[in-house]
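Each remark here refers to the structure printed beneath this line.
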Amino acid sequence: MEEEQVRAIKIIVFGVISWGVAFILTRRIFSSYSFSFSNRLLSTAHATIAVTLATLSVQDLSCPVCPLASKPSTKQMDVMAFSLSYMIYDLICCHFDQVFSIDNAVHHFVSILGFIAGLAYQKSGSEIVATLWVAEISSPFFHLREILKEIGYKDTKLNLAADVSIHISSFCVI
């Protein structure tokens, strides 16, 4: 097994454990709020960190998905391993929620398979990281909107700003 793959496995194992511990701590700190509230806080953290790391892993800003079908850089492998650890944690976490969503489970399963394929075959690092960036860019605003509703800011200007931010971030990707 190559050094990069061993590094990725360490990031994945450490990440799954860290996400689990962070969730337990978040549930204790925000015990008066729902299970979903705590999970959304971590989802927001993941999305923010993942988009930042994905942006920092771009090798050529004039062509963010270049080189095509190439071996991922170390930074790209780290981004994929980090997000894979989150997807594994979140798939497990979703089974403990009162409402199980099959579409969410399929989303996580497909994402997990994509990250594993990229890490195992060491192909298409730029494309996988770019896809992650596109998929996660609006997530913090989406989760913020739901968090604001739960803490009593539904139908406020702040909640409207979160709604508008979702659409702006989605529009910027197009």
Side-chain angles (χ1 to χ4, degrees), residues 8 11-27 29-30 33-58 61 64-65 72-73 75-97 99 101 103-119 124-151 153-154 158-174:
I11 291 171
I12 295 162
V13 170
F14 179 76
V16 171
I17 293 167
S18 297
W19 287 116
V21 169
F23 178 76
I24 291 167
L25 292 173
T26 305
R27 284 295 292 147
I29 293 168
F30 299 104
Y33 294 104
S34 71
F35 182 95
S36 178
F37 179 87
S38 296
N39 199 34
R40 285 188 187 279
L41 289 176
L42 293 183
S43 295
T44 301
H46 166 259
T48 304
I49 295 167
V51 166
T52 302
L53 292 175
T55 302
L56 294 173
S57 77
V58 172
L61 290 175
V65 293
S73 69
K75 287 182 180 179
Q76 290 170 338
M77 296 269 290
D78 290 351
V79 173
M80 288 189 285
F82 170 78
S83 286
L84 175 56
S85 74
Y86 172 77
M87 289 294 172
I88 293 169
Y89 144 78
D90 204 31
L91 180 62
I92 294 166
C93 189
C94 289
H95 289 308
F96 294 104
D97 197 358
V99 179
S101 169
D103 58 333
N104 197 29
V106 169
H107 154 74
H108 283 88
F109 186 69
V110 170
S111 297
I112 288 167
L113 289 178
F115 287 128
I116 289 173
L119 291 167
S124 303
S126 297
E127 295 92 330
I128 293 170
V129 171
T131 301
L132 172 69
W133 191 92
V134 169
E136 294 294 346
I137 192 69
S138 63
S139 291
F141 306 110
F142 171 75
H143 293 302
L144 176 62
R145 180 180 64 176
E146 298 302 316
I147 289 167
L148 289 170
K149 287 178 185 176
E150 187 159 343
I151 62 175
Y153 286 92
K154 184 178 181 179
L158 184 58
N159 196 265
L160 177 62
D163 282 342
V164 170
S165 297
I166 292 169
H167 297 292
I168 290 173
S169 63
S170 298
F171 178 74
C172 289
V173 172
I174 298 171

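Residues Ser57 and Ser73 approach most closely at O-OG, 4.4 Å, considering heavy atoms. Shortest non-hydrogen contact noted between Ser83 and His46 is OG-NE2, 2.9 Å. The two residues Ile12 and Ala81 have their closest heavy-atom pair at CG1-O, 3.6 Å. Heavy-atom minimum distance, Val129 versus Ala54: CG1-CB, 3.5 Å. Here the shortest heavy-atom pairing between Pro64 and Val58 reads CA-CG1, 3.8 Å. Between Ala8 and Leu119, the shortest heavy-atom contact is CB-CD2, 4.1 Å.
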Worked check of side chain to side chain contact (heavy atoms under 4.5 Å, CB included) between Asp78 and Leu53: CA-CA 9 Å; Asp78 290 351; Leu53 292 175; over 6 Å; no
Using the side chain to side chain contact (heavy atoms under 4.5 Å, CB included) rule, take Ser85 and Phe14 through it: C-alpha gap first, then chi angles, then the decisive distance, then the call. CA-CA 8 Å; Ser85 74; Phe14 179 76; over 6 Å; no
Checking side chain to side chain contact (heavy atoms under 4.5 Å, CB included) for the pair Tyr89/Val21: CA distance, chi angles, key distance, verdict? CA-CA 10 Å; Tyr89 144 78; Val21 169; over 6 Å; no
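With hydrogens and angles disregarded, a donor-acceptor distance shorter than 3.5 Å links the side chain of Ser101 to the backbone of Asn104. Using modelled atom types, one side-chain atom of Arg27 and one backbone atom of Ser34 make a donor-acceptor pair closer than 3.5 Å.
Between Tyr33 and Phe30, the two ring planes are tilted [angle within 30° to 60°]. His108 and Tyr86 have tilted rings, their planes meeting at an angle from 30° to 60° on a 0 to 90° scale. The aromatic rings of Phe82 and Trp19 are tilted relative to each other, their planes meeting at an angle between 30° and 60°.
Side-chain atoms of Glu146 and Ser36 form no donor-acceptor pair, as typed in the model, at a separation below 3.5 Å.
The structure places CD1 of Ile137 at 15.5 Å from CZ of Phe142, a figure rounded to the nearest 0.5 Å. Residue Leu56 holds its CG atom at 12.0 Å from CD of Gln76, rounded to the nearest 0.5 Å. One finds the OG1 atom of Thr52 at 11.5 Å from the CD atom of Glu136 (value rounded to the nearest 0.5 Å). Going from atom CE of Met87 over to atom SG of Cys94 covers 10.0 Å, rounded to the nearest 0.5 Å. The structure places CG of Leu113 at 9.5 Å from CG of Leu84, a figure rounded to the nearest 0.5 Å. Rounding to the nearest 0.5 angstrom, the gap separating the CG atom in Asp97 from the CZ atom in Phe35 is 5.0 Å.
With Trp133 as reference, Val51 is the one residue of Ile128, Val79, Val51 to meet the side-chain contact (heavy atoms from CB on, under 4.5 Å) rule.
Atom NZ of Lys75 has 12 or fewer heavy atoms from other residues, nucleotides or ligands within 6.0 Å.
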